Amino acid sequence: MSVTENNEKLWNFSPIPNIEESNFNKVLERFYGLGIKGLTKENIQNSLDGRLKDSNLPVIVKIELGKTQQTNIPGIEDVKVHIRSLKGRNSYTVETIEHMLKSMDQEEASYVSFEDLNTSGLTGAKNGQSNSKEDTWGIYAYNKGVHFEEKDEAFETTRGGSHGIGKIASNAASDLHLMYFANCDQDNNQHLGGTVQLIEHEHEEQCYRSTGYFAKVEDNEGQSKFYPYENKYHEIFQKNERGLKIIIPFLRKEFNNEDEIIKTICDNFFVSILQGNLEVYVNEYYLTKETIHTFLENPKYYEQNMMDMKKVFTPLYYKTYLQKQPRTIVVNNSDEEFEFKLYFTYDEAIPKGRVGIVRTIGMKIEDFKVKANASKPFNAVLIGGFKEDKYLKSLENESHTEISSEHIKDAKIKAKATRFINNLSKEVAKVIDEEMRKNNPTDEEIDTKDLIYLMESQFKSDLEKAMGSVKIKNGKSILKTTTNTHKEVRGEGENKGDVREKPKSDVKRVPKKTQDGNKAAPDEADDAKETFRVNSNIVERIIVQNTEYLQFMFSTTDEMKRVKQCNIAMRIIDGMGEEFTDSFSLSNNYIQIKDELKGTLCKIKDNKIIDVAVQKGIVKLKMNVHENYNDALKFIYYVEV
Amino acid sequence: MEIRLLAKGYKNNVQFYEDFLEDKIIGNEDYFSEEYVTITDIPNFPFYMGKESGEGRNKAFLEAFQIIAKYYILTDRELHLDERFWHSLLVTKKRDYILEKYPAVKEGFSEFKKIVIKNFDWENYIYKCVLAAEYIEDIGENEIEKSHLYQLVLDNLDVYNYIIKYPIFRNAEFVVKILMIIDELNISKIMKANIKNRPDLGKDTRYGRQVIYELNKNYPIVMAPMMEKEDLKKEVLKALSYYYDISSIGRELVSIN
């Protein structure tokens, strides 16, 4: 006997004894936050997942944005009755319900629909709520948090979805949390289903669950069971060819954005489209293998100046994927090896380096940042095979927007995942380094980042030693020995805790930058200079009345043995160990500076003492200071040779 | 009184702010860690003086000094110098006080960050007050002297701020000595004044800051933080002399150079 016999309701909610949960489903908010991009991505991915096995035809997705009379929306009055009986119990639900009430009385409602072709559609609609794995209709229509699995494991692996929460994405796009889906199966059975996500509520003295179904309820041996309606509804709800069609009425205003839909398709599915596996129609626009470039080259959708491509990289990925021959890289997770194809472009004009990680299905997961290489001028696309796909899938977060290890619960698997992600960075970094070397031939093999860090940490520890001896009466040190270090000196990716070997040399090279930012090679040109920062333990400095004596002993350093003369710059260093670039003027503090080895007076140029003699690694200066010279200042010296 | 400590991640969380406005922080387990601290009394005190000036500001500071000295600095230093403790206290126990006293927090997340969950460093008003209260309660001989010292902090806030910015100077004796030197030499006005005709020093450079900067540069060759007051006075005057003609400051001090 049908429970709904008397009042013929098209929409039904399961009755419950009392209300326990007063919140809207949290997933709604997450998808609402992901906007039209999230919705588009989710639906196209579902369509690709539903592609027909053994078919070479591309999956076609038709997206339509439009308006329709409310009277065309099946059973809408039933939904409204339930919405009117909702009672919010916190400010968020109150606000959401108010918004629903406000939105539902417009005569015309906006809608979006996603229809797929060359896909399998759902099966077993006639069996209704069967709880059978074979009946995908039942799983899709009446079961949250589950996605149907293909029996064929290889096929299942390549599918995009896996968390089973995407189904609710469509509800989040509707002001009323309302969505319909029309199905046409292999045998041309056409059905219409739908869900609405409300909160638990009481209506005519009966409490109901939060989810309502566009389905009839039938009593089946004491248990109620949902069955779908045969599809005889308005045209926009019709689905006449095999496949699935999602219809979302009362589309949120901020979701009604054709340009964003087109961009989302290009950003995430350019590989599917280029491989000929996907075609998408958005109203009158066609995105296919042949036409996708017109969108990527259109400034309406994409920044065309490469220098300004700092956030969206799709036009770069597109070119890299099409124009480059892939190389193979192997990434290890300490257990297994994974092989990927890497399409790689090196170009000085690229402002941010990213790797587009793409699943074999053709969907991009992430603009991957390679550790410490995010600002290198490259662009890459990474695609694996069957095994790699399976692994990547396990690393995706729920929204398929990132690979990460954070959501993994098992500690061992998590550790492996972290290892994998780190190794992926490492392997791509190797390619980047190799390409950069090829493009910037240089004699020097110096990693300046490390050097600067070494100097900094050496100096810091020297200073800490000096400070550590300071005590006050009660024996407590009143000095904090944590000296602030200049942030700008620390290279990208360097951590404070990094332990490095102490340098053996008593001078440290600071490669001088030339105009184009490359390191100057000292052997190439005579006038190219190198700057060294002098370690304080080879400096002797004595001040006697108005005379300051300064001596450097470079004798232990090979680099300095050959040098005949140098320029010297001085920078003040404060009690916190910070260096000040321009706060000390040589000419304001010294009356004259005499080079004791040459016996002549030194010239000062650009606040540097120039052409100072070096003999057997030794420099000797005698400096007469002005009357108001502050003899308590400390310096760090730079030598330019 | 038990105060549950917030879990990390609240600082840049706009949702946290919105939930604060809607009184939805308490009861939401997501925002809290497993840690809590117990403190006997937690009376209200002004903790944001960014919008006050003149008398109003002095009054607010004095009130804060007194209440913090009396109730809060009795806890372990680790606690009352812990940012999370203060943020947790304000957010969970002082919501009504905040909304009434600092309605600007309703204007937006950035105001909320500025007023309530401000980083706990030398720019934070609670931090300034906690240090002042600690120092002065430690050193002050009696109530009269203490209140004189608090007044000196207020009269020389700019220099005080600049001192506590540097860890090497962050100690009670040094802070109090400097304040007393400024008082004895009667140079509070000079220390606050802008240095003119010295574009090389940057905008808005004041004599007081420059003096502290000189002491910083000379450290550890000149151990300013450990000096006796009379020796430190000479160093202060010497540093000031680089920027200011000190011949007009107290005749008895002319012999310094």
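Bear in mind that the values here come from a model prediction, so they are computed numbers and not experimental data. Heavy atoms only: backbone and side chains are in, while hydrogens, waters and symmetry mates are out. To find a chain, count down the sequence lines: A is the first, B the second, and so on, and within it residues start at 1.
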Chemist: Aromatic contact between Phe580(A) and Tyr213(B), with the criterion being ring centroids under 6.0 Å apart: yes or no?
Modeler: yes
Chemist: Rounded to the nearest 0.5 Å, how far does OH of Tyr166(B) lie from CD of Glu578(A)?
Modeler: 8.0 Å
Chemist: Residues in salt bridge (Lys or Arg N to Asp or Glu O under 4.0 Å) with Lys177(B), at least two apart?
Modeler: Glu173(B)
Chemist: If you compare all heavy atoms of Val222(B) against all heavy atoms of Ala632(A), which two are closest, and at what distance to 0.1 Å?
Modeler: CG2-CB, 3.6 Å
Chemist: On a heavy-atom basis, which atom in Ile221(B) and which in Lys634(A) lie closest, and how many Å separate them?
Modeler: CD1-CG, 3.3 Å
Chemist: List the steps, then state whether side-chain contact (heavy atoms from CB on, under 4.5 Å) holds for Tyr219(B) with Asp574(A).
Modeler: CA-CA 7 Å; Tyr219(B) 181 87; Asp574(A) 77 1; over 6 Å; no
Chemist: Can you sort out the partners of Arg209(B) under salt bridge (Lys or Arg N to Asp or Glu O under 4.0 Å), two or more places apart, ordered by chain and number?
Modeler: Asp158(B), Asp204(B)
Chemist: Around atom CD of Glu107(B), are there more than 12 heavy atoms from other residues, nucleotides or ligands closer than 6.0 Å?
Modeler: yes
Chemist: Please check this pair: side chain of Lys217(B) against backbone of Gly575(A), looking for a donor-acceptor N/O pair closer than 3.5 Å.
Modeler: no
Chemist: Supply the atom-to-atom distance Asn90(A) CG to Asp23(B) CG, rounded to the nearest 0.5 angstrom.
Modeler: 12.0 Å
Chemist: Identify the two heavy atoms, one from Asn630(A) and one from Glu214(B), that lie closest to each other, and give their separation to 0.1 Å.
Modeler: ND2-OE1, 3.4 Å
Chemist: Measure Leu633(A) against the heavy atoms of chain B and call it side chain, backbone, both or neither at under 4.5 Å.
Modeler: both
Chemist: Tell me if the NZ atom of Lys87(A) is crowded by more than 12 foreign heavy atoms within 6.0 Å.
Modeler: no
Chemist: What part of Phe174(B) gets within 4.5 angstrom of chain A, counting heavy atoms only: side chain, backbone, both, or neither?
Modeler: neither
Chemist: Between OG of Ser91(A) and CG of Leu21(B), what distance do you get to the nearest 0.5 Å?
Modeler: 10.0 Å
